[in-house]
Amino acid sequence: MRLKWVLLSGLILVVAAILAVIVMNPAGGMFPGSALSKSPDSSAPPGQPSSQSPEQTPEPEPEFKEATADIVLIGSEMEGMYLARAAKDEGLNVVVLDPRDKVGGQLLQGEMLFLDETRDGSGKLLVQGRAKELFDGFRAGRIRKLSEFTDYYEKLRENIPIESGIQINRIETKPGMDGGETVASIEYTAADGTLHRIKASYFVENTDYAAMAGKLKVNRLPGLEAFYGKNEIEYMSAGMMMKFKNVDWKKFITHFNGLSASERNKKYGYGSVNESYAIGLSGMTSAYTPTNDKVFLRGLNAVSQRDGEVIINAFLIYDVNPADEQSVQEAIELGKAEIPLILEHFRQNIVGWENAELNGFPDYLYIREYDHYETDYVMQVSDMLGGRMFYDNVSIGGYPLDLQGISVQKWGIEMGRPDKYGMPLRSFLLKNYDNVIMAGKNVGSSAIAYGSARIQPNTALAAESIGVILGQIEGKKTLKQLTESDWPELHAYLENQYQIKLTNIQATNKLAGWTEEEIRKLNKGEIIFPSYSRSK
């Protein structure tokens, strides 16, 4: 009996000892090597301290400065700023976050100060909305210099905060309607290094290289490489504006228009010169031999800025990727090396330019194109040449289908001249996202249709209309919830309050009588309209 008691006592002591170990080390277990007994530093080699030692303090979560807005624009390109202005005037809270160090993009930093107007087939001006003030001023000669464009831009952005030099770090999304997604917030680093998180009802892609949209789950549409038969992606040539001073424009006009037609053609080739513009002169420009095959001098789009200053859109640089900062900088350096040589060619070959000098260089390029992403409706060539109007028109567009060249086709090609056409809201709404608006050059169109859609007055009017509409539907519906029955009231408001007319517009259908197969080939680029239509 005493032996049993001793044995029982010993067993109790052993159990107690085990329990004491467990209590003292609650994270441990009874069996070494089991999942329960694996300590935080068990992965460290013998004799080395663990990186997860319990003595170390875990990294603190980064602290963000939080903000909210109704609308956040990414980028400060001119076209999207019309949306910002309209939405602000409609009472919405608008913020602009710009990845570029300076505002104004193509217009102010690229100094693309030669404005292309949009007109219909009869020559009637199509420019509407706030952009009309700019184009009227340009045509009249009141807005020609960079300082005058800057004044106009500053008036457009008044009381709209713009934060330049930001870097997007993370885009948070959440489930949206119909299996899509909604952008909930954007986390970014400010120019001063501070971290920020901003939430908004809508986010607008307004850069020329899809700084925000390119980080989303987007479907890239075929680009010009498909049309030109290239394997690698290549965008329309970028431009670098050429700036000159000490040009005797009056002498230039007098001389040019004093020549006979045959004399002009022999010296300058096809073109025209008046008090404001010099267009073409492609015989003279073709006589210039570039120093390398990445640059090209095409016919002139030159404008007199008064006081002997002239700015020209004619210098092309190929194979530029606007999303690659190094590619952009290399292109700018090519321009700085080539433009002085072009100036010398002009001095020797254009009367009135004998004493012309360089007037500096722009800080940035004129970027014509980047990736095309799928929107709720993708505009096609047939929409434009067919003069199609949409129930959700936000713009009335017009302009030739002008495909600027790429490295394998330096001159580019014109694919037809529409009369006019509608541009639907759906072509500015990113597919599969409830609240992402694509402004300006990000319009949803095929690469060929983009030749016309890209022109500033077309997308500027669309942006302004969308900004107004956002104000009108605030708290009622979202853009993607709008139905055809909502549009008569919205269009009436735009016309009555802003003199923007988007309905009851008749356009010439240049594809009347075409078969479905012909239209399919036209949209694919298998038919070149100017030559094909004449043969029908």
Side-chain angles (χ1 to χ4, degrees), residues 116 118-124 126 219-231 233-236 368-369 371-406 408-428 431 438 441 443-455 458-459 462 484 502-536:
D116 287 313
T118 51
R119 296 179 179 270
D120 66 13
S122 65
K124 181 181 177 182
L126 294 173
N219 179 25
R220 182 185 183 273
L221 300 170
L224 279 181
E225 68 277 354
F227 173 68
Y228 284 122
K230 277 199 70 176
N231 292 324
I233 292 174
E234 186 176 342
Y235 310 111
M236 283 189 202
R368 290 184 172 87
E369 183 185 34
D371 288 337
H372 301 270
Y373 298 130
E374 188 176 8
T375 48
D376 286 351
Y377 182 84
V378 176
M379 296 196 71
Q380 302 294 328
V381 176
S382 58
D383 294 325
M384 297 172 173
L385 291 173
R388 184 176 179 184
M389 296 292 163
F390 299 86
Y391 72 82
D392 57 341
N393 273 357
V394 289
S395 182
I396 303 299
Y399 198 77
L401 291 147
D402 178 23
L403 304 186
Q404 289 291 320
I406 66 173
V408 296
Q409 168 55 277
K410 293 193 182 308
W411 275 100
I413 189 171
E414 182 185 301
M415 295 292 285
R417 296 195 170 205
D419 173 30
K420 50 184 169 286
Y421 54 86
M423 301 182 79
L425 169 68
R426 288 164 290 160
S427 291
F428 296 89
K431 192 174 183 64
M438 306 295 280
K441 296 185 182 70
V443 56
S445 70
S446 73
I448 302 173
Y450 181 74
S452 178
R454 66 188 174 90
I455 300 302
N458 295 337
T459 56
E484 190 168 352
L502 301 172
T503 59
N504 300 318
I505 296 170
Q506 299 299 316
T508 301
N509 179 5
K510 296 192 174 184
L511 303 179
W514 283 48
T515 67
E516 288 186 9
E517 179 62 11
E518 286 175 318
I519 290 174
R520 184 196 69 78
K521 288 182 176 180
L522 177 73
N523 288 333
K524 290 288 187 181
E526 297 170 19
I527 287 177
I528 308 299
F529 179 80
S531 57
Y532 187 82
S533 61
R534 287 194 292 269
S535 67
K536 280 178 66 70

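We count residues from 1, following the sequence as given. Side-chain atoms are counted along with the backbone in the values below, which use heavy atoms only and exclude waters and symmetry mates. Source: prediction; values computed, not measured.
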Could you measure the distance from the OH atom of Tyr421 to the CG atom of Leu385? Nearest 0.5 Å is fine.
9.5 Å

Residues in side-chain hydrogen bond (donor to acceptor under 3.5 Å, both in side chains) contact with Tyr391, at least two apart in sequence or another chain
none

What one should report as the nearest heavy-atom pair of Ser427 and Met379 is OG-CG, 3.3 Å

Taken in chain and number order and not counting sequence neighbours, the residues that satisfy side chain to side chain contact (heavy atoms under 4.5 Å, CB included) with Lys124 are Asp120, Ser122

Compare every heavy atom of Gly412 with every heavy atom of Tyr228, then report the nearest pair and how far apart it is.
OH-CA, 3.7 Å

For Leu401 and Pro418 the tightest heavy-atom approach is N-CD, 4.4 Å

Rounded to the nearest 0.5 Å, how far apart are CZ of Phe428 and OG of Ser445?
9.0 Å

Is the side chain of Asn458 donor-acceptor paired with the backbone N or O of Gly398 at a distance under 3.5 Å, no angle test?
yes

Met415 vs Ile528 side-chain heavy atoms within contact, under 4.5 Å
yes

Listed partners of Thr515 passing side chain to side chain contact (heavy atoms under 4.5 Å, CB included), at least two apart:
Glu517, Glu518

In chain order, what residues pass the side chain to side chain contact (heavy atoms under 4.5 Å, CB included) check against Pro222, with sequence neighbours excluded?
Ala226

As an exercise, state the distance from CD of Glu414 to OG of Ser452, rounded to the nearest 0.5 Å.
10.0 Å

Closest approach of Ala447 and His372, non-hydrogen atoms and distance?
CA-NE2, 4.1 Å

Evaluate the side chain to side chain contact (heavy atoms under 4.5 Å, CB included) criterion for residues Phe227 and Ile406: first the C-alpha distance (whole Å), next the side-chain angles of each, then the deciding distance (0.1 Å), finally the verdict.
CA-CA 11 Å; Phe227 173 68; Ile406 66 173; over 6 Å; no

In Å and rounded to the nearest 0.5 Å, what is the NZ to CD1 distance from Lys524 to Ile519?
14.5 Å

Just one of Ile455, Thr118, Ile505 clears the side chain to side chain contact (heavy atoms under 4.5 Å, CB included) bar with Leu126, so which one?
Thr118

Test of understanding: with salt bridge (charged side-chain N to carboxylate O under 4.0 Å, His left out), list the residues that count as partners of Arg368, not counting sequence neighbours.
none

Just to verify, what does Ser446 make a side-chain hydrogen bond (donor to acceptor under 3.5 Å, both in side chains) with, not counting sequence neighbours?
none

Under the side-chain hydrogen bond (donor to acceptor under 3.5 Å, both in side chains) test, residues paired with Glu526 that sit two or more places apart
none

Which residues satisfy the salt bridge (charged side-chain N to carboxylate O under 4.0 Å, His left out) test with Glu374, sequence neighbours excluded?
none

Run the side chain to side chain contact (heavy atoms under 4.5 Å, CB included) test on Asn523 and Ile448 for me, step by step, so that the C-alpha distance in whole Å, both residues' side-chain angles and the decisive distance to 0.1 Å come before the verdict.
CA-CA 8 Å; Asn523 288 333; Ile448 302 173; over 6 Å; no

I'd like to check the side-chain hydrogen bond (donor to acceptor under 3.5 Å, both in side chains) partners of Arg388; sequence neighbours left out, ordered by chain and number.
Tyr377, Asp383

Any side-chain heavy atom of Leu403 sitting closer than 4.5 Å to one from Met236?
yes

By ring pair (Phe, Tyr, Trp, His ring centres under 6.0 Å) - contacts of Phe529 (at least two apart):
Trp514

Please round to the nearest 0.5 Å and tell me the distance separating atom CE of Met423 and atom CG of Leu502.
11.5 Å

Between Asp376 and Lys431 the two heavy atoms that sit nearest each other are OD1-CA, 3.5 Å

Taking CZ in Arg417 as the centre, count heavy atoms belonging to other residues, nucleotides or ligands within less than 6.0 Å. Is the count above 12?
no

Hey, mind stepping through Lys230 and Leu224 against side chain to side chain contact (heavy atoms under 4.5 Å, CB included) and telling me if it holds?
CA-CA 8 Å; Lys230 277 199 70 176; Leu224 279 181; over 6 Å; no

Find the distance between CG (Asp371) and CZ (Arg220) and round it off to the nearest 0.5 Å.
4.5 Å

Identify, with sequence neighbours excluded, every residue that meets side chain to side chain contact (heavy atoms under 4.5 Å, CB included) alongside Asp402.
Tyr399, Gln404, Arg454

Are the side chain of Asp419 and the backbone of Gly121 linked by a donor-acceptor contact shorter than 3.5 Å?
yes

Would you confirm whether Ser535, through its side chain, and Tyr532, through its main-chain N or O, come within 3.5 Å as a donor-acceptor pair?
yes

Using side chain to side chain contact (heavy atoms under 4.5 Å, CB included), reason through Val408 and Glu234 one step at a time and then give a plain yes or no.
CA-CA 10 Å; Val408 296; Glu234 186 176 342; 5.6 Å; no

